[in-house]
Number of protein chains: 2
Amino acid sequence: MAAPSRKTDVFQAIADPTRRQLLSMLGEREMPVSVISGHFPMSRTAVSKHLRILADAGLVKERKIGRETRYRLEPEPLLELKRWLAYYERYWDNKLLALQRFVEGDETDGTIALVAPEEDGTRTID
Amino acid sequence: MAAPSRKTDVFQAIADPTRRQLLSMLGEREMPVSVISGHFPMSRTAVSKHLRILADAGLVKERKIGRETRYRLEPEPLLELKRWLAYYERYWDNKLLALQRFVEGDETDGTIALVAPEEDGTRTID
DNA sequence: ATTATATGAAACCAAAAGGTTTCGTGTCAA
DNA sequence: TTGACACGAAACCTTTTGGTTTCATATAAT
């Protein structure tokens, strides 16, 4: 399955505080737009647009029931974030950090040598 | 300690692909601006601005050496991201998800009941 | 049949983001 | 001391973002 190459980037999607709030809200239960938007100090339409962005990133799924559209959390894309973050776990090990800084003291030309992850966490195939 | 209430949001800071690339690059070694910008298809000034944003988020630290400024990764703020993400781990447990959806089938009024994390992952003290 | 409800689409707008070029300043090298 | 280098600040421009209001459409309720 891999990454379904979504329309909107997950990193981009969660950058907005309103959208993060939406996610936590929709994690609890599926909800229709009007109910959701009741919790925000902005128009229903604005919330609706945020929901679309989240949907484009695969972070929420919509389901039509009668005249209402209900949204619910779809956590799977967050795994990409988790993967990205996992790389940096290694820096939380202080010993490794110390070692690295020690090495830095020597080589000062700025050449890149060590291995990096997929540089930006997105599958850029070049 | 806690959250030093940084000028720029971590979520915002990592939203840009260029900045994510910068982080992975600076994780490997400390580097001066001109060397860093050599790896990007944009002006040195543009890279410099991205570095400032990262610095404002606490994700990189700068150190002046002679006429050059070297930047290095400062991974600590990523812990906020990790904390945020940790909340959603619970949804990756399929059993819990199944249970929740079952419950949803009953209560359809859209009232919020369950406990949410800090809604948007930022320390909003009100 | 008519009216009310739930929602998305469209047009619009101000502010923020991401870039550029130009300029000033501090530092190193001849 | 003169020039080259490394860098940030400032002014500027274009595109994107986050919001608004208005309108159209589908469904539900009377």
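Below, each value reflects all heavy atoms present in this structure, side chains not excepted, and no hydrogens, waters or symmetry copies.
A/Phe40 comes within contact range of no nucleotide atom at all, as no heavy-atom separation falls under 4.0 Å. Using a 4.0 Å heavy-atom criterion, one finds that B/Ser34 contacts the sugar-phosphate atoms exclusively.
If you measure from atom CG of B/Asp16 to atom P of D/dT17, you get 11 Å, rounded to the nearest angstrom. Note: CD (A/Glu68) to P (D/dA29) measures 11 Å, nearest angstrom. As a whole-Å value, the separation of A/Leu22 CG from D/dG18 P is 12 Å. We find that CG of A/Asp9 is positioned 15 Å from C1' of D/dT17, with the value rounded to whole Å. Distance A/Gln12 CD to D/dT15 C1': 13 Å, rounded to the nearest Å. Summarising the geometry, the separation between CZ on A/Arg44 and P on D/dC23 is reported as 15 Å, rounded to the nearest angstrom. The distance between atom CG of A/Leu51 and atom P of D/dG19, rounded to the nearest whole Å, is 12 Å. D/dT22 atom P lies 15 Å from atom NZ of A/Lys49, rounded to whole Å.
The phosphate of D/dG19 (OP1 or OP2) has a side-chain N or O of A/His50 nearer than 4.0 angstrom. Within the structure, a side-chain polar atom (N or O) of A/Arg19 is placed less than 4.0 Å from OP1 or OP2 of D/dG18. For the pair B/Ser48 and D/dG8, the criterion of a side-chain N or O lying under 4.0 Å from OP1 or OP2 is met.
Side-chain atoms of A/Arg19 and A/Ile14, non-hydrogen and from C-beta on, never get closer than 4.5 Å to each other. Using a 4.5 Å heavy-atom threshold, the side chains of B/Ser24 and A/Tyr88 count as touching. Two residues are said to be in side-chain contact when any heavy atoms from C-beta on lie closer than 4.5 Å; B/Leu59 and B/Glu76 fail this criterion. The shortest distance between side-chain heavy atoms of B/Ile36 and B/Met25 falls below 4.5 Å.
Taking the six-membered ring for Trp and thresholds of 30 and 60 degrees, A/Tyr91 and A/Tyr87 have ring planes more than 60 degrees apart, a perpendicular arrangement.
Applying the salt bridge (Lys or Arg N to Asp or Glu O under 4.0 Å) test to A/Lys82 and every residue at least two apart in sequence or in another chain returns B/Glu89.
With respect to B/Arg63 and B/Glu30, a salt bridge is recorded, a charged nitrogen being found less than 4.0 Å from a carboxylate O. A salt bridge links B/Glu28 with A/Arg90; the closest basic N to acidic carboxylate O contact falls under 4.0 Å. Under 4.0 Å is where a charged nitrogen must lie from a carboxylate oxygen, and between A/Glu62 and A/Lys64 no such pair does.
Note that the first and last nucleotides of DNA chain C, 5' to 3', having any atom under 4.0 angstrom from a heavy atom of chain A are C/dA4 to C/dA10.
DNA chain D is contacted by both A/Arg67 and A/Ala15; A/Ala15 maps to the nucleotide lying nearer its 5′ end (nearest heavy atom per residue).
Listed by residue number, there are no residues of residues 54-62 of chain B with a heavy-atom contact under 4.0 Å to DNA chain D.
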